[in-house]
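Worksheet: the structure to be examined is printed underneath.
Note that the structure is a prediction, hence the values are computed from the model and not measured. Chain A is the first sequence line, chain B the second, and so forth, proteins listed ahead of strands; every chain is numbered from 1.
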Amino acid sequence: MTVHSLIDDLNTPQHEAVTTTDGFLMVLAGAGSGKTRVLTRRLAWLLANEVCRPEEILAVTFTNKAAREMRERVAEMLGMDPTGSMSRFWIGTFHSMGARILRQHADRLGYDSNFVILDTGDQERLVKNLVAESGGFARNNHWTPRRLVQTISRWKDDGVGPDQITEKHVLFPKDRVRLAEIYRGYQEALKRTNSMDFGDLLLNCLMLWRDNEDLLDLYRNRFRYLLVDEYQDTNKVQYQWMKWLATGHRNLCVVGDDDQSIYSWRGARLDNILNFSDDFPDTKVIRLEQNYRSTGNILRAAASVISNNDGRMDKTLWTEGEPGEPLVLYSAQSAEDEAEFVATEINSRASVGDYTPFSILVRTSRQTRLFEEALGIHRIPFQVVGGLRFMERAEVKDALAYLRMTASNRDDLAFERIINQPRRGLGPTTIERLRDLSVQTGLPLLEAARLATAQPEHQKMMRPAARNSLIRFITLIDQTRQTLEQSGPRAALDYLLVHSGYLESLESSDRGDDQRENLQELAAKLSQYSSLTAFLEEAALVSDMAGSNQTESEQGPITNFVTISTLHAAKGLEFPVVFLVGVEEEMLPHKMAMKDGEHALEEERRLAYVGMTRAREKLYLTCARQRFLFRERVRPLPSRFIAEIPKEIIENKGIGTRHRRGVGGGRGGRTTAYSWRKR
DNA sequence: TCCTCGTTTGTTTTT
DNA sequence: CAAACGAGGA
């Protein structure tokens, strides 16, 4: 591809966004305005014109999948091999970059470079142990491990350490001291066990740069061109990264859309994009406002909904395309009826049996179940994105814990997870004793166990049966380490699964076949790695790693399917036909979000906006007038967002409109617009 | 230590 | 409607 062909099919602002290589640049890219195209062209442009070399670029994407695709596309445009010199160009999520940098300089923080990355389950178990050991919590009904982890994670996203917790960081002043204490204890436990959570991957990098000027200079000088995608979803720490790295050369380009900010619950700051021009001097702002994706009606509906938010940046999407068909609003009798409608509708539209144009977008992953069932009945193939993840399954996590044990001596959480999995007679009592010994000696649990079995003065602390079992366990780990060294990670996993008795224990499980299949998939993935650490890192950071929900047939992977996705996971995707389902009060906007005030409601609206703008040709909105939520039957009202769409572009289907809010509802005498009626 | 059964509980989104 | 928890018996 020539340099000209990189730009000759772009519109004026797109062209400018690609060719403005130096200085601070903010590209406000509306939905469907060709953002991905601009990003890849820009990267290719930098390289094709030899503005810089691949290793001088740092490009941050929101998911690792996006990173992989972008690297491939850029390489393809330049006619290069993505594994050649292109592999020196850093593209990935903030978290994967953080992990990469931290492994390089772990020693400066007092860590080993093979540190483990914890997931939320690990975090919760750690906090739970910690709280129990240190005498509980005064208001323990409120401070569940989950909430504690959330709170600590939010602090980390904001760059606040355990010693900086002031009264403004806590809801109730009397919690302050205890919370800071737990946070501090948590950080100490992480360090002791050589592990980091997601927040650490970002924050520890900042600490590293703050305390080691040479390293900050190293990365500043190395990355001469910085690019951040989805800038509206960056948090304070990520902002600080860019602020520091851009000092000097000032070549920072951020791309985003304030209307698509949907991750505030993860610490994202809309302020980052709203204040960019003030934070970085002489910023050039480029607006991509022409939409190439959706029909006029879809765009109009989406714009109309999002216009109800306050404090948006000045930006108006437009299209040259036709208005297209009206939107369809289907009011279903029940959630089952809603799913049935979607399945039937897909079947009648997919005349040639091509299911790829269709997607079903849900607010919560629980909603997918009914749609999976309905599509199943109609024999429609589907794939679930962002549902229950492959890596989250119990058997996969068990296997990973075994591998973590093999990779690291200090991974106490992994030890506790698998010490009695499968059952080997090592219950809470034994673990409690080992923990005591571990605290006394300062050794990790595995080493404490070694000590307890080897030394006579410790032997009497457990029964012979437990001792023998523990010896077998330790031998298993040692043998596996040997296997790892001699024959690689795949062989090590096979050895573990057989000799731990884990595979055998699945015989009696009623999901045994499923579980074995998942483990095989994991093993297949592991075969592609030569280093166990590299594999474990991917496993922690790449959510869709093993092609989680991919359905396979004898002919290979099935590619013809309906996509079912959560709204969050649908960011960046597009489909000719979109079913936005469960468009109900307390679902979208979600109940949990509504108690957090106006800003949370606005985020729900942005979520609806993201969903609507995924559609190219046809957009269905559906709501159920009855559904079962945990124990109860609820009768949801249609979402307030529906009323924000011009009526003339909606075609109503399903049960009559007479029950809709605002009409008064003959029998119910429903007077409040958003009341939540239960029976 | 393990297993089972009844009870409680808490419900969003994910790197 | 789960999964997590606690009690009590084998």
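- With pairs defined as Watson-Crick or G-U wobble and both atom distances under 3.5 Å, the stems of at least three pairs that touch DNA chain B come out as B:1-10 with C:1-10.
- Using atom P as the reference point in both B:dT13 and C:dA4, the two lie 16 Å apart (nearest Å).
- For the pair A:N235 CG and B:dT14 P, the interatomic distance rounds to 17 Å; values are reported in whole Å.
- Residue A:T63 has no polar side-chain atom (N or O) positioned under 4.0 Å from OP1 or OP2 of B:dT14.
- Here the options are A:T151, A:N204, A:D197, the test is side-chain hydrogen bond (donor to acceptor under 3.5 Å, both in side chains), and the partner is A:K156; only A:D197 passes.
- For A:K156 and B:dT15, the shortest distance from a side-chain N or O to OP1 or OP2 is not below 4.0 Å.
- With the nearest nucleotide of DNA chain B identified for both A:G425 and A:E604, A:G425 has the one nearer the 5' end.
- In the displayed structure, A:R435 atom CZ is contacted under 6.0 Å by more than 12 heavy atoms of other residues, nucleotides or ligands.
- Summarising the geometry, the separation between CD on A:E230 and P on B:dT14 is reported as 14 Å, rounded to the nearest angstrom.
- Side chains of A:E395 and A:Y502: no donor on one and acceptor on the other come within 3.5 Å.
- Distance CE (A:M587) to P (B:dT12): 10 Å, rounded to an integer number of Å.
- Toward the 5' end of DNA chain B, the nearer of the two residues A:A466 and A:H590, judged by each one's closest nucleotide, is A:A466.
- A stacked arrangement is assigned to A:W265 and the six-membered base ring of B:dT13, with a centre-to-centre distance below 5.5 Å and an interplanar angle below 30°.
- As judged by a 4.0 angstrom heavy-atom cut-off over every strand, A:R147 is placed among residues making no nucleic acid contact.
- Which of C:dA2, B:dT14, B:dT15 sits closest to the side chain of A:A569 comes down to B:dT14.
- Residue A:R146 is classed as a sugar-phosphate contact, given heavy-atom separations below 4.0 Å to backbone atoms only.
- For the pair A:E603 and A:W265, the minimum side-chain heavy-atom distance is below 4.5 Å.
- Atom-to-atom, CG of A:L629 to P of C:dA2 comes out at 13 Å; the value is rounded to the nearest Å.
- Checked by distance alone, A:R366 brings no side-chain donor or acceptor within 3.5 Å of a matching partner on the base of B:dT12.
- Between A:S365 and B:dT13 there is a side-chain polar atom (N or O) within less than 4.0 angstrom of OP1 or OP2.
- Of the options A:R363, A:K591, A:R627, A:R625, a salt bridge (Lys or Arg N to Asp or Glu O under 4.0 Å) to A:E584 is made by A:R627 and by none of the others.
- Remark: the A:Q232 side chain and the A:E230 side chain contain an N/O donor-acceptor pair separated by less than 3.5 Å.
- Between the CG atom of A:D233 and the P atom of B:dT14 there is a distance of 13 Å, given to the nearest Å.
- Residue-level contact check: A:K128 touches the backbone only, with heavy atoms under 4.0 Å from sugar-phosphate atoms and none from bases.
- No side-chain donor from either of A:S565 and A:T563 sits under 3.5 Å from a side-chain acceptor of the other.
- Note on A:F628: nothing from the nucleic acid sits closer than 4.0 angstrom, heavy atoms only.
- For A:R369 and B:dT11, the CZ to P distance is 18 Å, given to the nearest whole Å.
- Between the CD atom of A:E373 and the C1' atom of C:dC1 there is a distance of 13 Å, rounded to whole Å.
- Between B:dC3 and A:R423, a contact under 4.0 Å exists linking OP1 or OP2 to a side-chain N or O.
- Rounded to whole Å, the distance from NZ on A:K591 to P on B:dG10 is 13 Å.
- Checking B:dT15, B:dT12, B:dC2 against every side-chain atom of A:N420, the shortest atom distance belongs to B:dC2.
- A:F62 has its ring centre less than 6.0 Å from the ring centre of A:Y263.
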